[in-house]
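Chain A is the first sequence line, chain B the second, and so forth, proteins listed ahead of strands; every chain is numbered from 1.
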Amino acid sequence: MGVSFAVEAGKAAYIPSGHDYMGAPEQLPIEWVLQELKSILEDADKIKIGQNLKYDRSVLLNYGIELRGIKFDTMLESYVWNSIGSRHNMDALAQNYLDYKTVTFEELAGKGVKQLAFNQLKIEDAGHYAAEDADITLRLHEFFWPQLENIPSLKKVLETIEMPLVPVLSHIERNGALVDANLLGKHSIELGDRLTQLERKAYEIAGKEFNLSSPKQLGVILFEQQKLPIIKKTPTGTPSTAEEVLQELALDYPLPKVLMEYRGLAKLKSTYTDKLPLEINKRTGRIHTSYHQAVAATGRLSSQDPNLQNIPIKSEEGRRIRQAFIAPQGYTLIAADYSQIELRIMAHLSDDPSLLTAFELGLDVHRATAAEVFGVNLDSVTSEMRRSAKAINFGLIYGMSAFGLAKQLRIGRNEAQQYIDRYFERYPGVQRYMNETRALAHEQGFVETIFGRRLYLPDINAKNKNLQMGAERTAINAPMQGTAADIIKLAMIGVDNWLLGSNLDAKLIMQVHDELVLEVAESEVEQVRTGVIARMSAAAQLKVPLLVEAGTGKNWDEAH
DNA sequence: CATGTCACG
DNA sequence: ACGTACGTGACATGA
């Protein structure tokens, strides 16, 4: 509809172009406006400041303009400055940091079905709104940047991680992923049949029909009609019908087992096999998610519309959904993921000799932990011991309690405590690191990743002990989860820039926290695989090697 | 729009 | 006595 900009705080301009309400004045054609601006927008030496520039970059690219010189993004400045202080949309930032109330789009255009489109807004109104956006963005930059410059680690996170990542994410979003809608359609029909059967079975056991997808109706059947024991309550005090409850009830009663199967399949159908085909872009024939760079407090990305970071994998049925993510004719998918990256980061941070040695020797770390905790040789570790050790390792990353471990492993609390005690005896460095991290969090009110990204913990000294303990768990977890996020972001920048500067027919199409997925011409698979592994492994120099495993295949499941 | 549930790392 | 593992996003239900 138009372009707004500002070069000096307090002054801004709007060039209207596409407004077409009754009586709208004649305007410059957008193609002409952009042609005139093209040389500035594409000049890498003319620095650009914006709010969520990934979006602007993409819009401009639709008009054949490659936005260069993306130097500062106020959304990301805010996120690096304080990832949880506020939401990072411009209206909130203006309110929080400039004490300025912006005109919201709703105030201008109304809301609901009667809301006006932007091209229906009076040029005077639109002009004020759009110019204010530009002005406020510039003022926000002038607020954030001097403060970020004062904290070198934050400046570095912004300049070497978040800003260079913007075009990379834009590339991935625009590349999109190819999905076989036909295959998903067949899967949907099959799931539908199985759900109908399960429904019948449930009605038979219950003696009447009810909506299996309604926790409320289900609660009546289970706890009032069938009088099954209440194992857990939801936060509102109603009896819970969650998976773990059903699992326990299933030991003694027939209906919960049917419900568990129903829920699992219904989730796959409603969220994935039915919906993903609808997300395929008509023009490109591919699925284009949006990656959000300023949502997760720890530094991770999130994926939305659709979320491609929670595509099923754990069940056989789930893997069939991954099989629908395919490579086009002549291409292959590569899925490269970091092996145990958070535990490796824990080894690095804690400097624990046993943990460092385990990774240096390339041991199966859960097996090694089991050997230590249960006092046996590596060769004598049973699968049960390994399972327990794995739960302990994950628990440590999450800042677990004996209670949590006991629940996870379905063992007594005392036994769980013994496991933990034994672990800390064998890995004293880890215990020291955990204690130091908690103390530091209390002292300074935030924790940091290896790269200096901060996570503030407003509840770390709260009177409410639950809040405080929650903040302590976050304090333990955030440096590991956040450092892993920093590392893969650096790897993405390295991989994307390498591919762009090469003649390789290969592109990034997805990121799933510790995994990158690429679509590569068949003839170049080995070259790209080697290059990706090298760049992911070299994204950071830790005291332990960063192991990357990369598989290939015609679909995402096969590539794992 | 809140709630409960469940998919992923 | 109570609540207790970290981080997300999407769906169906029902008020």
Taking B:dG4 as the reference, what is the distance to C:dT4 when you measure between their P atoms (whole Å, please)?
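Their P atoms lie roughly 13 Å apart.
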Could you give the distance separating B:dA7 and C:dG3 at their C1' atoms, to the nearest angstrom?
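The same atom, C1', in both gives a distance of 26 Å.
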Whole angstrom is fine here: how far is it from [atom1] in [X] over to [atom2] in [N]?
| X | N | atom1 | atom2 | value |
| --- | --- | --- | --- | --- |
| A:Ile487 | B:dG9 | CD1 | P | 18 Å |
| A:Leu265 | B:dA7 | CG | P | 10 Å |
| A:Tyr272 | B:dA7 | OH | C1' | 3 Å |
| A:Glu279 | B:dA7 | CD | P | 19 Å |
| A:Ile345 | B:dG9 | CD1 | C1' | 13 Å |
| A:Met480 | C:dG7 | CE | C1' | 13 Å |
| A:His513 | B:dA7 | NE2 | P | 16 Å |
| A:Trp556 | B:dC8 | CH2 | C1' | 9 Å |

Base, sugar-phosphate, or nothing: which does [X] touch, judged by heavy atoms less than 4.0 Å apart?
| X | answer |
| --- | --- |
| A:Ile397 | nothing |
| A:Lys465 | nothing |
| A:Gly399 | nothing |
| A:Ala391 | base |
| A:Gln304 | sugar-phosphate |
| A:Gln217 | sugar-phosphate |
| A:Asn310 | base |
| A:Leu396 | nothing |

In terms of side-chain heavy atoms of [X], which of [options] is nearest?
| X | options | answer |
| --- | --- | --- |
| A:Arg263 | B:dT5, C:dG7, C:dA12 | B:dT5 |
| A:Ala297 | C:dC11, C:dT8, B:dA7 | C:dT8 |
| A:Gln481 | C:dA10, C:dA15, C:dG7 | C:dG7 |
| A:Ser214 | C:dT13, C:dG7, B:dC8 | C:dT13 |
| A:Asn211 | C:dC6, B:dT5, C:dT13 | C:dT13 |
| A:Pro215 | C:dA10, C:dG7, B:dG4 | B:dG4 |
| A:Ser213 | C:dA12, B:dG9, B:dA7 | C:dA12 |
| A:Thr238 | B:dG4, C:dA10, C:dT4 | B:dG4 |
| A:Arg300 | C:dG7, C:dA12, C:dT4 | C:dG7 |
| A:Arg413 | B:dT5, C:dT4, C:dG14 | C:dT4 |

Side-chain N or O of [X] versus OP1/OP2 of [N]: is the shortest distance under 4.0 Å?
| X | N | answer |
| --- | --- | --- |
| A:Thr234 | B:dG4 | yes |
| A:Thr474 | C:dG7 | yes |
| A:Lys275 | C:dG9 | no |
| A:Ser401 | C:dG3 | no |
| A:Lys216 | C:dA15 | yes |
| A:Arg473 | C:dC6 | yes |
| A:Thr271 | C:dA10 | no |
| A:Ser240 | B:dT5 | yes |

Are A:Leu301 and A:Met492 close enough that some pair of their side-chain heavy atoms sits under 4.5 Å apart?
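SC-SC contact between A:Leu301 and A:Met492 confirmed.
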So, the side chain of A:Lys275 versus the backbone of A:Ser270: is there a donor-acceptor pair under 3.5 Å, distance only?
yes
Would A:Arg410 and A:Gln247 count as having a side-chain donor-acceptor pair, cut-off 3.5 Å?
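Short answer, yes.
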Is a side-chain donor-acceptor pair under 3.5 Å present for A:Ser170 with A:Ser58?
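No - no donor-acceptor pair under 3.5 Å links their side chains.
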Between A:Asn477 and A:Ile397 the two heavy atoms that sit nearest each other are ND2-O, 3.0 Å
Where is the tightest heavy-atom contact between A:Leu356 and A:Asp351, given as atom of each residue plus distance?
CD1-OD1, 3.5 Å
Do the charged groups of A:Arg300 and A:Glu342 touch, with an N to O distance under 4.0 Å?
yes
Partner of C:dC11 by Watson-Crick or G-U wobble geometry, both contacts under 3.5 Å, or none?
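Partner of C:dC11: B:dG4.
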Given the structure, check if the side chain of A:Glu243 and the base of B:dC6 hold any donor-acceptor pair shorter than 3.5 Å.
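Between B:dC6 and A:Glu243, which were checked side chain against base, a qualifying N/O pair under 3.5 Å is absent.
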Could you tell me how the ring of A:Tyr203 sits relative to the ring of A:Phe210: parallel (under 30°), tilted (30 to 60°) or perpendicular (over 60°)?
perpendicular
